[in-house]
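Notes for the one structure printed next.
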Amino acid sequence: MGFPQTRMRRLRRTGTLRRMARETVVQRDDLILPLFIVEGSGVRDPVASMPGVERYSVDVLRDEAKAVQDLGIPAVILFGVPEEKDARGSGADAADGIAQRAVETVKAAAPDLVVMTDVCLCEYTDHGHCGIVDDEQVSNDPSVQRLAQSALSHARAGADVVAPSDMMDGRVEAIRGLLDSQGFEDVVLLSYAAKFASAYYGPFRDAAESTPSFGDRRSYQMDPPNRREALREMKLDLAEGADALMVKPALPYLDIVSDARREFDVPIAAYHVSGEYAMIHAAAERGWIDGERAMDEALVAIKRAGADWILTYAARDVAARLG
Ligand code: PBG
Ligand code: ZN
């Protein structure tokens with residue numbers, strides 16, 4: 001039946017009707033807050049390119065973790081930013097490394113928070129690549145060994161979820177195998193499965209001090225035009241033992257999120273990355289858009305496309321707005 005019997009505007013007439021007709025709602029339990037941890041004490045270091053985001057030392061993290069838990073946010077993902085870097089990324093699997101101490105701190109301060117760790121080498125290597133470099137090339141198999149050791153060290157520190165973000169081939173199987181052989185069969189593996197070589201990571205690399213000193217990440221991260229290849233990546237990671245899959249960035253890749261939702265029954269995460277966050281804040285600061293509405297619209301779009309979990313630097317703002 002068409003117009004005039006059908007009038008689409010009827011269900012939009014009042015706020016309450018619109019609430020009742022709403023198909024998608026972002027909830028606290030959808031949110032994962034990324035946190036950057038630095039050395040020192042009493043440090044709250046604002047990230048210039050990410051308004052509202054600060055890097056914390058471990059002692060400050062203790063209070064912040066409690067505050068995040070009190071807001072009802074279920075999970076954080078921790079990024080260690082070490083002072084010392086070397087060619088093999090020794091800090092990535094050091095028992096007393098920055099990420100490992102951060103995990104212990106959050107687990108002790110906020111036992112109900114799910115603690116996720118980003119597993120990668122780029123924050124820990126002096127060249128800033130996500131793996132081991134040999135003759136200016138990122139060498140896959142040696143990188144996988146280091147990544148597995150890093151994931152194991154995070155599990156030993158108490159991580160509930162490890163999330164490899166490096167895009168090396170075979171790392172999910174290697175990590176799962178090592179975790180299981182060492183008694184960590186209950187640690188969840190969230191794979192950054194469809195991670196694209198994106199311009200939107202710029203502000204993150206300021207925060208994590210992980211800009212490559214030469215070249216770029218295009219020999220390991222995905223080529224942005226490739227949609228079918230993203231499905232292959234995700235299938236492979238599931239076959240290797242991933243419990244959940246991530247698509248990254250989020251808004252420019254909603255077709256990938258939608259494909260993932262349709263094809264797979266595992267939880268699908270989408271990372272609304274630093275550049276996506278920064279753009280909204282930059283435009284809002286100029287008075288060009290309403291930042292809160294733009295952020296809410298971005299997150300509901302990500303959920304509407306099929307994401308179960310949204311990694312967002314706005315998690316605290318959004319949780320506070322939910323009342
Ligand atoms: C590390 C990593 C990156 C991000 C998450 N983990 C950066 C990169 O791959 O260069 C990006 C997150 C963001 O931009 O918010 N491999
Ligand atoms: Zn990396």
Side-chain angles (χ1 to χ4, degrees), residues 31-37 47-55 76-82 85 87-89 91-93 98-99 116-133 138-140 143-144 146-147 150-151 154 161-169 171 175 190-224 233 246-253 269-282 295 298-299 302 309-315:
L31 304 173
I32 300 170
L33 175 69
L35 294 172
F36 300 102
I37 320 305
V47 180
S49 51
M50 300 172 74
V53 175
E54 294 173 317
R55 311 193 304 176
V76 294
I77 182 163
L78 303 178
F79 294 89
V81 186
K85 301 176 187 243
R88 59 191 290 279
D93 62 337
I98 184 78
M116 306 188 170
T117 58
D118 183 87
V119 176
C120 204
L121 298 185
C122 53
E123 297 96 339
Y124 302 93
T125 51
D126 48 14
H127 46 68
H129 277 289
C130 301
I132 299 299
V133 170
V138 175
S139 186
N140 192 83
S143 303
V144 167
R146 296 285 304 129
L147 290 156
S150 179
H154 295 173
V161 180
V162 293
S165 68
D166 52 284
M167 291 299 282
M168 299 301 133
D169 289 317
R171 93 280 207 208
I175 291 170
L190 163 61
S191 173
Y192 286 69
K195 174 172 177 179
F196 290 85
S198 171
Y200 292 94
Y201 305 150
F204 172 95
R205 291 179 191 171
D206 293 341
E209 299 169 12
S210 63
T211 306
S213 60
F214 65 90
D216 55 44
R217 303 210 200 289
R218 282 185 276 199
S219 79
Y220 40 105
Q221 297 179 349
M222 284 188 61
D223 202 17
E233 284 281 7
M246 196 193 303
V247 176
K248 175 182 174 200
L251 279 196
Y253 297 89
Y271 200 145
H272 190 241
V273 301
S274 57
E276 300 181 81
Y277 174 90
M279 288 196 305
I280 290 175
H281 278 271
M295 192 65 75
L299 301 188
I302 294 164
W309 301 341
I310 306 172
L311 292 87
T312 169
Y313 301 97

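We number each residue from 1, following the sequence as shown. Note that ligands are numbered from 1 as they come in the structure, with each ligand's atoms numbered from 1 the same way. These values consider heavy atoms only, across backbone and side chains, with no hydrogens, waters or symmetry-generated copies.
- Both the sub-6.0 Å distance and the 45° axial angle are not jointly satisfied by K195 relative to the ring of Y271.
- Side-chain contact between R205 and P212: present, with at least one pair of heavy atoms (C-beta onward) separated by less than 4.5 Å.
- Of the N and O atoms on the side chains of D93 and Y124, not one donor lies less than 3.5 Å from an acceptor on the other residue.
- Residues R171 and S191 form a side-chain contact, since some pair of their non-hydrogen atoms from C-beta on lies under 4.5 Å apart.
- Considering only non-hydrogen atoms, atom 8 (C) of ligand 1 lies nearest to R217 out of M246, R217, E123.
- Atoms of ligand 1 found under 4.0 Å from any heavy atom of R205, numbered from 1 in the order shown, are 8 (C), 10 (O).
- Taking every non-hydrogen atom of F79 and a distance limit under 4.0 Å, the qualifying atoms of ligand 1 come out as 5 (C), 6 (N).
- Residues Y201 and R217 fail the side-chain proximity criterion, which asks for heavy atoms closer than 4.5 Å.
- No more than 12 heavy atoms of other residues, nucleotides or ligands sit less than 6.0 Å from atom OH of Y200.
- Residues V138 and S143 meet the side-chain proximity criterion, which asks for heavy atoms closer than 4.5 Å.
- Atoms of ligand 1 lying under 4.0 Å from any heavy atom of S165, numbered from 1 in the order shown and given with element: 1 (C), 2 (C), 6 (N), 16 (N).
- P164 has its side chain within reach of I175: a pair of non-hydrogen atoms, C-beta onward, lies under 4.5 Å apart.
- Proximity of C122 to ligand 1, defined as any heavy-atom pair under 4.0 Å, is confined to the side chain (atoms from C-beta onward).
- Protein atoms of type N/O/S that fall under 2.8 Å from the Zn ion (ligand 2) number 3 in this view.
- Relative to atom 9 (O) of ligand 1, the option among M50, K195, H129 with the closest non-hydrogen atom is K195.
- Protein heavy atom nearest atom 12 (C) of ligand 1, with residue, atom name and distance: F204 CD1, 3.4 Å.
- In this structure, H129 contributes its side chain and F214 its backbone to a donor-acceptor pair below 3.5 Å.
- Shown in contact with Y313 at under 4.0 Å from a heavy atom are these atoms of ligand 1, numbered in order with element: 12 (C), 13 (C), 15 (O).
- Heavy atoms of C120 found under 4.0 angstrom from ligand 1 belong exclusively to the side chain.
- Within the model, atoms NE2 of H127 and CG of L121 stand 8.0 Å from one another, a figure rounded to the nearest 0.5 Å.
- The CE atom of M246 sits 8.0 Å away from atom OG of S165, with the distance rounded to the nearest 0.5 Å.
- Listed by number with element, the atoms of ligand 1 under 4.0 angstrom from any heavy atom of K248 are 2 (C), 3 (C), 4 (C), 5 (C), 6 (N), 11 (C), 12 (C).
- Looking only at side-chain heavy atoms (C-beta outward), E276 and T312 stay at 4.5 Å or farther from each other.
- Looking from atom 14 (O) of ligand 1 to the surrounding protein, the closest heavy atom is S274 OG, 2.7 Å.
- Residue contacts with ligand 1 for Y277 are absent, since no atom lies close enough (heavy atoms, distance under 4.0 Å).
- Backbone and side-chain nitrogen or oxygen atoms of Q221 are examined, and one is located within less than 3.5 angstrom of a nitrogen or oxygen of ligand 1.
- Between D166 and ligand 1, a contact under 3.5 Å exists for no N or O pair.
- A heavy-atom distance below 4.5 Å is found between the side chains of D118 and E123.
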